[in-house]
There are 2 protein chains.
Amino acid sequence: MKITSDTKTRMLDTATHLFAERGFYGVSLANIADELGLTKQALIHHFATKEKLYGQVLERISDDIISGSSATDDLETFFETFCGHAIAHPQDSRLLMRELLDNRRRAEEATRWYLEPFLRNLIDRVKATPRWRHAPDPQALSIAYQLLGAVSYFVISEPTLTRILGSAQFSEMQDIYPGEIRRTVRLLLSG
Amino acid sequence: MKITSDTKTRMLDTATHLFAERGFYGVSLANIADELGLTKQALIHHFATKEKLYGQVLERISDDIISGSSATDDLETFFETFCGHAIAHPQDSRLLMRELLDNRRRAEEATRWYLEPFLRNLIDRVKATPRWRHAPDPQALSIAYQLLGAVSYFVISEPTLTRILGSAQFSEMQDIYPGEIRRTVRLLLSG
DNA sequence: CGATAGACTTACCGACTGGTAAGGCGTCAA
DNA sequence: TTGACGCCTTACCAGTCGGTAAGTCTATCG
């Protein structure tokens, strides 16, 4: 128990998992604490409030995403990496999707805007391609956003698709999806 | 006060709006009742439980979506309609997105599977095109899902994009997005 | 050995949750 | 006039929420 940051990391891991699965209001501090084998006051000791805990969870994820994307990658490589990361870490996609849905209400109290640098980066990346070199920002972002949405929406649909298709067909779909995305990227960059 | 179904409709409208905005656990029966100028027991009188109210909200939306899509439309027309509906009724998209995120936990108690007929319909529609006539189900669904995701993800991002781009650039993006989707549909059907 | 500090606990709080029980009120049929 | 019914209310409940207060325990350091 000497290394307190280890406990803090475990807390963030568990909180990330639960917030991603049930959302901010679907999870109580007691839920998180139970899964850790601690009390909710241990969480409050480290993070002061539930909001701040949630904020640190978001911050860690957005740092991962931004640092995980090399600035020199072309669009095709970028989305290949992005798609791979999203499928490997569906929790992150779920949590960011929830944040997109919830941030209108959280807007007043949001201190930092997590997604902005990521999206600015994406716009520049699209405008670095020959096809979209002269596109205005909204159009460049439209291109990127279609791909972003195509990946994220698929990843968060895992439970639904598994139920409808069965797990065998879903994992088949999961295998081919990155390739389909790659083909769409190429089409968008050439057409 | 004679026409009770009118009150019931108002209740469903308000519940739809609030559930879409804050999610199932972010809204209490009292919140909904307050906005209606009634008490939460009025809601319970009509819907018995919060879960059943939520279920009826979902049912109404999925009925709208399914009945709103003519079976004879080709893919391009279908997604044009779908995109228009999504932009005109962002609440519906938000709610369905939340359901995709939450239904893993709700899975045990779900009595009806809302999205299945919609997705089956989509698979058939993709396989009705010359380009994908012989595609297996997972691939056909991958094609459709990219488009579905591209539309839905954009629609629920309105608060985020407005903040980042400003409302002028966002509405510009909203204007061009259906056209971008249409072009992507064509690319996917020809490439 | 004694003191200090961080990690974590028990005990507790007021506010709010979904839901039950019971009754008031207006409308309509007999 | 009377009774029944649908709509909605007040009163109330046990359970949970996020958070505060006041410790206990252990490790470190002088």
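Letters go in sequence order (proteins before strands), and every chain restarts at 1. Basis for what follows: all heavy atoms, side chains included, without hydrogens, waters or symmetry-related copies.
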Pairs satisfying salt bridge (charged side-chain N to carboxylate O under 4.0 Å, His left out), at least one member in residues 33-48 of chain A, at least two apart: none
Would you mind listing every salt bridge (charged side-chain N to carboxylate O under 4.0 Å, His left out) that reaches into residues 179-191 of chain B, with sequence neighbours excluded? B:E76-B:R182, B:E76-B:R186, B:E80-B:R182, B:E180-B:R183
Could you go through residues 166-179 of chain B and list every donor-acceptor pair under 3.5 Å that involves a side-chain atom there, pairing it with any protein atom two or more places apart or in another chain?
| from | atom 1 | to | atom 2 | distance (Å) |
| --- | --- | --- | --- | --- |
| B:S171 | OG | B:A168 | O | 3.2 |
| B:Y177 | OH | A:Q146 | N | 3.4 |
| B:Y177 | OH | B:A150 | O | 2.9 |

I need the NZ-P distance between B:K8 and D:dG6, as an integer number of Å. 13 Å
Walk me through whether B:T16 and B:D13 qualify under side chain to side chain donor-acceptor pair (under 3.5 Å). CA-CA 5 Å; B:T16 300; B:D13 290 343; 5.5 Å; no
Between B:H45 and D:dC8, does any side-chain N or O lie under 4.0 Å from OP1 or OP2? no
So if I define the base as every atom that isn't primed, P, OP1 or OP2, how would nucleotides 10-16 of chain D read as a B/S/- string at a heavy-atom cutoff under 4.0 Å? BB-----
Any side-chain N or O of B:T49 under 4.0 Å from OP1/OP2 of C:dG18? no
Look at B:H46 and D:dG6 and indicate whether a side-chain polar atom (N or O) is within less than 4.0 Å of OP1 or OP2. no
Which whole-number value in Å describes the distance from B:D34 CG to C:dT17 P? 9 Å
Could I get the full list of ring-ring contact (aromatic ring centres under 6.0 Å, His included) partners for B:F19, not counting sequence neighbours? B:F24, B:Y54
Considering only side-chain heavy atoms of B:N31, which listed nucleotide, D:dC17, C:dT17, C:dG19, is closest? C:dT17
The nucleotide from D:dT9, D:dG19, C:dT9 with an atom nearest the side chain of A:K50 is D:dG19
Separation of atom NZ in B:K52 from atom C1' in C:dG19, rounded to whole Å: 12 Å
Over all strands shown, is B:I44 touching base, sugar-phosphate only, or nothing at heavy-atom distances under 4.0 angstrom? base
Are the charged groups of B:R125 and B:D74 less than 4.0 angstrom apart, N to O? no
Rounded interatomic separation in angstrom, taking CD from B:E51 and P from C:dG19: 8 Å
Those residues at least two apart in sequence (or on a different chain) that pass side chain to side chain contact (heavy atoms under 4.5 Å, CB included) with B:T81 are B:D73, B:T77
To the nearest Å, how far apart are A:F47 CZ and D:dG19 C1'? 16 Å
Rounded to whole angstrom units, what separation is found between the CG atom of A:L53 and the P atom of D:dC17? 15 Å
Whole angstrom value for the distance that separates P of D:dG19 from CG of A:L29: 6 Å
From CE of A:M11 across to P of C:dA7 the rounded distance in Å is 10 Å
